[in-house]
Structure formats: structure tokens, C-alpha cells
Amino acid sequence: MTKRVEAKYKINRRLGVNLWGRAKSPINKRETIPGQHGARRKQKPTDFGVQLMAKQKLKGYYGNIGEKQFRKYYEEAVRRKGDTSENLIELLERRLDAVIYRMKLALTPFAARQFVNHGHVLVNGKRLNIPSYQVRDNDLIEVKERSKQLTSVLDAAQNGERDVPEYIEIDHRAMRGRFVRAPKLSDVPYPVQMEPNLVVEFYSR
């Protein structure tokens, strides 16, 4: 098990939020941050601390993306026309593993990344095993025929913790769907408040 996968069990407590809105989240039982002195370490954050927390929440939500890769998303968001905050959210939501998670073909972003890595996903009929692949409007995403009866996929599709957003279409019987359009921040069903504007402020200091 990688450190990144292990981190999902601590990240909610470290950030103090139920990041994915899951009933199994440890924050539901214990709100203190991890560590022997976690209960004592709460203090009013600085402006830098608030911006850092916003960045850590957004990175963590998408499967704890590495800092180097996340900064590249920010730089690409700045390069594009329009609002940098909205551009950043669009780039993150276009990730193939994020689309698989939104389609309810995996229970968590970590599981979605692993599902893509293991070659279970076809994009426009071609197998793709790159979780960071940028899905385009109207791309057809489906589960490989031999993978459609996997218990993990069936459990995710039937899970009632979240719904499929409007910018994605999915037929769970066929295990096939389509990325309809790029979402705005207001379209994305985050269980907690995300503040990409603070992430932009963090990197533009």
C-alpha cells in the first residue's frame, strides 16, 4: 500500500472535515487532528494557513494529488483565458479518475485511480490507464466488458451516498457514460466548501 493511499485514513482528521461526505469517515467519531497532542493543537490560522488549508482540501479531494502535478494544474489554469479558479476546477474535473468517480464506478477517488491504473476503462473504445488523462466534451467512457461484474464496480454504482452530477451521463446497466461538458464550480457536488480562489492566492503570493 502506498503512502498516498494510507493518507486517506488520516486526511479528514488532519483537515477537520469529512472531505468525501462518507459515513465511514473518522471525523464522524473524532474531530481532533491525528497525533498524541492533536486535541491541543487547534489555533486560529493565519491568512497563509487558510490558503494552505484550501489547497490541501482540493488536492486531497482528488486522491491526494502530488504537489508538483497540482502546481502544473494551477499554471495551466493561469495560462487559459477566463477565471483562474474556474479553470482549475475544470482541469481537475476532467481527470479520467475524477470522471470515473463522478460516474459512481468507484467508491472513492483513490479507488477510481486504481481502477484506471489497472486498465479497466475504455475512452472512445480505446483502453486508457492514465488517471490524469484530460477527458474532452462528449468523450465516451465505459468499463471493459470483462470488468463490468466486478464487485467493487457494482457496489459503487448502487451506493446511495452521492448522485451523478448533471455534466455527466451514465448508464449503470451498460456501465457506459459520457462527459457532457465542463462544469463550473457551482455545478460540482463537493460535500464540503471548496475555495479555489484561495488556492490561486496561495500560488500567486
Side-chain angles (χ1 to χ4, degrees), residues 4 7-8 10-22 25 27 33 43-104 106 108-113 116 123 130-139 141 161-170 177-205:
R4 180 178 290 172
K8 74 179 178 182
K10 296 180 180 179
I11 194 168
N12 278 356
R13 283 181 56 207
R14 189 169 71 243
L15 297 176
V17 294
N18 188 349
L19 198 54
W20 301 284
R22 300 212 66 202
S25 172
I27 200 72
I33 58 180
Q43 53 187 340
K44 187 176 180 180
T46 61
D47 288 345
F48 172 83
V50 171
Q51 294 166 358
L52 178 62
M53 184 69 73
K55 177 175 76 80
Q56 296 300 82
K57 276 200 301 184
L58 202 57
K59 277 177 61 177
Y61 181 84
Y62 289 94
N64 215 13
I65 296 172
E67 178 60 29
K68 185 176 179 180
Q69 187 177 34
F70 194 76
R71 188 176 184 93
K72 284 184 177 178
Y73 284 128
Y74 162 74
E75 290 170 353
E76 175 62 20
V78 170
R79 191 186 66 80
R80 293 187 175 194
K81 292 181 180 179
D83 184 270
T84 302
S85 300
E86 294 284 358
N87 291 344
L88 179 59
I89 294 301
E90 177 182 336
L91 289 166
L92 293 168
E93 282 294 305
R94 284 188 183 275
R95 284 177 58 98
L96 181 56
D97 56 357
V99 175
I100 291 296
Y101 177 63
R102 290 284 177 234
M103 287 180 162
K104 291 179 63 176
T108 68
F110 297 91
R113 179 178 298 157
V116 175
V123 178
I130 304 170
S132 61
Y133 173 82
Q134 290 282 292
V135 176
R136 290 169 294 198
D137 291 0
N138 294 313
D139 272 357
I141 297 101
E161 289 184 341
R162 56 196 171 88
D163 298 319
V164 178
E166 293 182 357
Y167 52 92
I168 283 175
E169 295 175 353
I170 180 67
R178 192 180 298 277
F179 188 88
V180 179
R181 61 173 175 82
K184 298 292 185 184
L185 173 61
S186 58
D187 298 326
V188 183
Y190 293 120
V192 298
Q193 184 181 9
M194 291 296 181
E195 299 166 299
N197 58 307
L198 295 180
V199 179
V200 173
E201 289 177 15
F202 177 88
Y203 282 121
S204 60
R205 284 176 297 114

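Note that this is a predicted model, so its numbers are computed, not measured.
Taking CD from Glu201 and CG from Leu52, the interatomic distance works out to 13.0 Å, rounded to the nearest 0.5 Å. Taken to the nearest 0.5 Å, the CG atom of Leu198 stands 12.5 Å off from the CZ atom of Phe48. For the atom pair Arg102 CZ and Ile141 CD1, the distance stands at 13.5 Å (nearest 0.5 Å). Rounded to the nearest 0.5 Å, atoms CG (Asp163) and CD1 (Ile168) are 12.5 Å apart. Remark: Leu92 CG to Asp97 CG distance equals 10.0 Å, nearest 0.5 Å. The OH atom of Tyr167 sits 12.5 Å away from atom CG of Asp137, with the distance rounded to the nearest 0.5 Å.
Among all heavy-atom pairs drawn from Thr84 and Tyr74, the shortest one is CG2-CE1, 4.4 Å. When every heavy atom of Arg136 is checked against every heavy atom of Arg94, the shortest pair comes out as CA-NH1, 3.5 Å. The two residues Ser132 and Arg95 have their closest heavy-atom pair at CB-NH1, 3.5 Å. When all heavy atoms of Phe110 and Gly63 are compared, the closest pair comes out as CE2-O, 3.7 Å. Among all heavy-atom pairs drawn from Val116 and Pro131, the shortest one is CG1-N, 3.7 Å.
In this structure the side chain of Leu185 reaches within 4.5 angstrom of the side chain of Pro196, judged on heavy atoms. Counting heavy atoms from C-beta on, the side chains of Asp139 and Val99 never come closer than 4.5 Å. At least one side-chain heavy atom of Ile65 sits under 4.5 Å from a side-chain heavy atom of Arg113.
Asn87 contributes a side-chain N or O that, together with a main-chain N or O of Lys81, makes up a donor-acceptor pair within less than 3.5 Å. Side chain of Gln134 to main chain of Leu91: a donor-acceptor pair is present (N/O by atom type, distance under 3.5 Å, no hydrogens or angles).
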Exercise. Assess whether salt bridge (Lys or Arg N to Asp or Glu O under 4.0 Å) is satisfied between Arg79 and Glu76, documenting all intermediate values.
Key: CA-CA 5 Å; Arg79 191 186 66 80; Glu76 175 62 20; 2.7 Å; yes
Practice problem: Take Arg71 and Glu67 through the salt bridge (Lys or Arg N to Asp or Glu O under 4.0 Å) test and state the conclusion after the steps. | Solution: CA-CA 6 Å; Arg71 188 176 184 93; Glu67 178 60 29; 5.1 Å; no
Practice problem: Apply the test side-chain contact (heavy atoms from CB on, under 4.5 Å) to residues Tyr73 and Lys59: give CA-CA distance (whole Å), side-chain angles for both, the deciding distance (0.1 Å), then the verdict. | Solution: CA-CA 11 Å; Tyr73 284 128; Lys59 277 177 61 177; over 6 Å; no
Quiz item: Going through the distances and angles, do Ile89 and Leu58 end up as a side-chain contact (heavy atoms from CB on, under 4.5 Å)?
Solution: CA-CA 9 Å; Ile89 294 301; Leu58 202 57; 4.0 Å; yes
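In this pair, Phe70 and Tyr203 present their aromatic rings tilted. The plane angle is within the 30 to 60° band.
At a threshold of 4.0 Å, the pair Glu86-Arg80 does not count as salt-bridged, since none of the basic side-chain nitrogens sits closer than that to a carboxylate oxygen.
The number of heavy atoms from other shown groups lying within 6.0 Å of CG (Asp47) does not exceed 12. By the 6.0 Å contact criterion, CD on Glu166 is open, its count of non-hydrogen atoms from other residues, nucleotides or ligands being 12 or less.
Qualifying side chain to side chain donor-acceptor pair (under 3.5 Å) partners for Gln56, counting only residues two or more places apart in sequence or in other chains: none.
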Taking distance alone, no hydrogens or angles, what donor-acceptor pairs closer than 3.5 Å link side-chain atoms of residues 186-195 to residues at least two apart or in another chain?
from, atom 1, to, atom 2, distance (Å)
Asp187, OD2, Arg181, NH1, 3.2
Asp187, OD2, Lys184, N, 2.9
Tyr190, OH, Tyr62, OH, 2.6

